[in-house]
> 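Input: one structure, supplied below.
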Protein chains: 2
Amino acid sequence: MKSLKSSVNKTFAILEHFTIEKPEWSVTELAKTMDSSKSTVYRFLSDMEKSGAMYQDPDSGKYGLGLKLFELGNRVRIQSAFVDRTHPELVKVAENITETVHIAILRNKQVYYVDKVKSPQGLTINSSIGSSKPLHCSSLGKVLLAFSFSGYQEIRSKNILGPDLERFTDNTIADHFDLENELIKIRAQGYAIDREEYEIGLICVGVPIFNQRNEIVASLSAAGPANRFKINELKNYVEILKSGADRIRGKIGEFKP
Amino acid sequence: MKSLKSSVNKTFAILEHFTIEKPEWSVTELAKTMDSSKSTVYRFLSDMEKSGAMYQDPDSGKYGLGLKLFELGNRVRIQSAFVDRTHPELVKVAENITETVHIAILRNKQVYYVDKVKSPQGLTINSSIGSSKPLHCSSLGKVLLAFSFSGYQEIRSKNILGPDLERFTDNTIADHFDLENELIKIRAQGYAIDREEYEIGLICVGVPIFNQRNEIVASLSAAGPANRFKINELKNYVEILKSGADRIRGKIGEFKP
DNA sequence: TTATTGTGTTTCATTAAATGAAATAAGGTT
DNA sequence: AACCTTATTTCATTTAATGAAACACAATAA
């Protein structure tokens with residue numbers, strides 16, 4: 001393991017091998033896979049066992065991740081940690097698009113804003129970090145709906161939306177049949193547009209943020225005034241947002257809240 | 001940090017300082033708390049940050065647990081890891097009581113058996129690891145009900161029990177009012193008794209297993225034939241079970257599924 | 001029953017990382 | 001501008017990590 005330098009790196013390199021797909025490793029096979037000696041790997045595993053981060057199955061002799069990691073995992077302040085990882089990329093997207101951009105997650109059947117970067121030239125957007133909005137009438141929310149569920153049936157059966165879709169503007173999609181078709185379209189094209197559906201004068205474009213397991217984790221959007229968002233520039237915005245989402249995906253690994 | 005020997009131990013000793021109560025630490029205060037130099041602590045934190053296990057708040061400069069730990073925490077096979085920690089103590093309890101003993105958790109509004117140790121002299125108990133039973137008519141279940149909720153109102157409002165309590169024997173508590181009083185009593189005395197409530201001829205005694213945050217995590221019980229469980233020995237069994245639960249608590253730390 | 005094989009565990013001489021005092025860099029406050 | 005505090009880096013010294021080899025143990029084959 002000499003290529004890994006510090007023991008901290010080696011520790012996490014070992015932990016990284018324990019996955020959902022392969023949750024158990026023997027000393028010998030781990031040593032071979034890591035191109036290290038059995039005694040070195042044995043000592044790392046044994047020390048992690050003492051710390052509770054690993055346990056050894058008494059029957060098979062194989063090692064698995066221990067309760068201490070579950071405990072530590074529960075102490076992670078997910079939003080802060082997530083924002084720390086994603087904020088630099090959000091800043092870059094804002095610089096490229098020069099509009100206000102957001103990242104949101106699905107929480108309590110609503111759009112929950114976790115981060116926001118204003119553009120100096122951007123419109124003052126009525127949103128704040130920590131606040132929630134309805135799902136059906138924003139690009140962030142429609143993206144989350146389209147990619148988080150296998151179909152509208154699941155959305156209805158889980159009561160994600162209410163029986164009635166509240167109308168905020170004349171453009172709000174207030175009919176379930178229309179929304180279902182809209183989500184099918186969003187899923188196909190890979191992005192959503194909010195055409196003044198929540199607030200007159202405001203247009204937003206949103207894309208999904210996936211993790212390394214292709215699970216949707218959040219959504220990313222840019223918002224601007226209706227008179228500045230031109231259809232011919234839309235494709236450009238979508239590309240910038242998708243690039244940002246891709247970079248975020250590289251930074252969050254298999255994270256899924 | 002010389003008293004800690006291996007770097008794996010030091011790594012987890014550092015991680016252990018990041019708690020729900022104090023989720024953020026600066027390099028300087030952590031070094032002081034651990035009686036180590038700032039440069040040593042700085043390098044550990046910095047290396048963990050590279051591995052994703054830590055992040056540094058760009059504003060305050062303080063460190064917090066990173067998404068990688070959340071990810072690893074999600075990969076822990078909780079039941080295996082939990083059983084690994086608790087099984088040796090269950091074996092000891094079985095040796096002391098010479099009856100079949102179980103550990104169970106509350107899952108899907110039922111008693112879920114996660115471990116079992118038969119006593120050679122013990123009765124053959126109709127239970128198997130991985131199976132579930134109703135909550136209201138076993139000592140394991142009644143303990144879980146008594147300590148997992150703040151009162152019967154919460155149990156009813158969360159629909160933990162059905163509207164009707166199924167009767168299995170003449171001794172089954174099938175009336176909600178009676179069960180509520182029973183749970184109040186169990187909570188006061190710290191243990192539960194199943195007096196042939198689920199199976200004629202079978203008596204069980206159960207106690208709660210708490211974690212280090214005084215949260216109930218599971219229940220622990222001994223089961224035996226009605227003609228062998230004598231009331232005068234009951235207190236002795238309760239003491240043995242409680243001692244076992246205490247040792248388990250020491251082994252699971254703040255674990256809470 | 002004995003021999004063989006393979007894995008977990010320990011040993012120890014050698015190698016490489018960890019250590020911490022001191023210095024430097026950076027940012028906030030006066 | 002000066003001062004203070006913390007983060008970050010340096011480097012001589014100290015200590016842990018390394019891995020080949022040996023040993024312990026258990027399962028399997030002969």
Side-chain angles (χ1 to χ4, degrees), chain A residues 1-18 22-66 80-81 84-85 87-88 91, chain B residues 1-18 22-66 80-81 84-85 87-88 91:
Chain A
M1 280 201 268
K2 283 170 174 168
S3 65
L4 279 167
K5 293 282 178 31
S6 88
S7 290
V8 169
N9 291 345
K10 293 164 186 167
T11 299
F12 283 99
I14 289 176
L15 288 170
E16 201 56 45
H17 283 79
F18 293 79
K22 191 170 171 63
E24 285 193 318
W25 288 78
S26 68
V27 172
T28 303
E29 64 187 344
L30 190 53
K32 281 174 179 170
T33 299
M34 298 188 77
D35 196 29
S36 177
S37 76
K38 289 189 301 172
S39 52
T40 299
V41 169
Y42 175 81
R43 258 191 316 272
F44 270 90
L45 292 173
S46 181
D47 282 345
M48 286 190 242
E49 187 182 13
K50 289 188 196 104
S51 298
M54 195 67 69
Y55 73 95
Q56 184 180 33
D57 187 298
D59 294 326
S60 66
K62 293 192 172 189
Y63 286 84
L65 298 179
S80 297
D84 174 76
R85 294 257 105 185
H87 188 76
V91 169
Chain B
M1 282 203 264
K2 282 170 178 170
S3 64
L4 280 166
K5 294 282 178 26
S6 88
S7 289
V8 170
N9 291 343
K10 293 166 188 169
T11 299
F12 283 99
I14 289 176
L15 289 170
E16 201 56 47
H17 282 81
F18 292 79
K22 190 170 172 60
E24 286 192 320
W25 288 77
S26 70
V27 172
T28 302
E29 62 186 347
L30 189 54
K32 281 177 180 170
T33 299
M34 299 188 75
D35 198 26
S36 177
S37 74
K38 288 188 302 172
S39 51
T40 299
V41 169
Y42 176 81
R43 259 190 313 271
F44 271 89
L45 291 173
S46 182
D47 283 343
M48 286 190 242
E49 185 180 14
K50 290 186 195 104
S51 300
M54 197 67 69
Y55 73 97
Q56 183 180 34
D57 186 298
D59 294 326
S60 67
K62 293 193 173 191
Y63 286 82
L65 298 178
S80 298
D84 175 77
R85 295 255 104 186
H87 188 75
V91 168

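In the text below, chain A, chain B and the rest are named by the order of the sequence lines, each starting its count at 1. None of the values given here were measured: they were computed from a predicted structure.
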> Specify the separation, in whole Å, of atom CG of Asp59(B) and atom C1' of dA26(C).
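Taking CG of Asp59(B) and C1' of dA26(C), I get 15 Å after rounding.
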
> Can you name the side chain to side chain contact (heavy atoms under 4.5 Å, CB included) partners of Asp47(A), sequence neighbours left out?
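Lys50(A), Ser6(B), Val8(B), Asn9(B).
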
> According to salt bridge (charged side-chain N to carboxylate O under 4.0 Å, His left out), does anything in residues 55-66 of chain B pair up with another residue at least two apart or in another chain? List the pairs.
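Applying salt bridge (charged side-chain N to carboxylate O under 4.0 Å, His left out) to every pair that reaches into residues 55-66 of chain B, excluding sequence neighbours, yields Glu29(B)-Lys62(B).
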
> What's the CG-C1' distance between Leu30(B) and dT8(D), to the nearest Å?
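One finds 16 Å between C1' of dT8(D) and CG of Leu30(B), rounded.
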
> How close do Ser80(B) and Tyr55(A) get, heavy atom to heavy atom, and via which atoms?
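In this case the closest contact between Ser80(B) and Tyr55(A) is CB-OH, 2.9 Å.
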
> Rounded to whole angstrom units, what separation is found between the CZ atom of Phe44(A) and the P atom of dA17(C)?
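In whole Å, dA17(C) P lies 11 Å from Phe44(A) CZ.
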
> Using five pairs at each end of the helix from dT1(C)-dA30(D) to dT30(C)-dA1(D) to define an axis, what is the angle between those two axes, to 10°?
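The helix from dT1(C)-dA30(D) to dT30(C)-dA1(D) shows an end-to-end axis angle of 40°.
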
> Using a cut-off of strictly less than 4.0 Å, decide whether Lys10(B) has a side-chain nitrogen or oxygen near OP1 or OP2 of dT19(C).
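Yes, such a contact exists.
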
> Check the pair Val41(B), Phe44(B) against side-chain contact (heavy atoms from CB on, under 4.5 Å), reporting the backbone distance first and the verdict last.
CA-CA 5 Å; Val41(B) 169; Phe44(B) 271 89; 5.8 Å; no

> Over how many whole Å does the gap from Asp47(A) atom CG to dA17(C) atom C1' extend?
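The distance from CG of Asp47(A) to C1' of dA17(C) comes to 15 Å, rounded to the nearest Å.
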
> Which heavy atom of Met34(A) sits nearest to which heavy atom of His17(A), and what is that distance?
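Smallest heavy-atom distance, with atoms named: CG-CE1, 3.7 Å.
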
> Within the pair Thr40(A) and dG19(D), is there a side-chain N or O less than 4.0 Å away from OP1 or OP2?
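Result: yes.
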
> Who pairs with Phe18(B) by side chain to side chain contact (heavy atoms under 4.5 Å, CB included), at least two apart in sequence or on another chain?
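Per chain and number, Phe18(B) pairs via side chain to side chain contact (heavy atoms under 4.5 Å, CB included) with Ile14(B), Trp25(B), Leu30(B), Leu45(B), Met54(B), Tyr63(B), Leu65(B).
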
> Can you sort out the partners of Thr33(B) under side chain to side chain donor-acceptor pair (under 3.5 Å), two or more places apart, ordered by chain and number?
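For Thr33(B), no residue satisfies side chain to side chain donor-acceptor pair (under 3.5 Å) once neighbours in sequence are set aside.
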
> Could you run down nucleotides 7-13 of chain C 5' to 3' and tag each one B, S or - for protein heavy-atom contact under 4.0 Å?
SBBBB--

> Using distance alone, with no hydrogens and no angle criterion, decide if Ser26(B) and Thr28(B) have a side-chain donor and acceptor under 3.5 Å apart.
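No, no side-chain donor-acceptor pair sits under 3.5 Å.
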
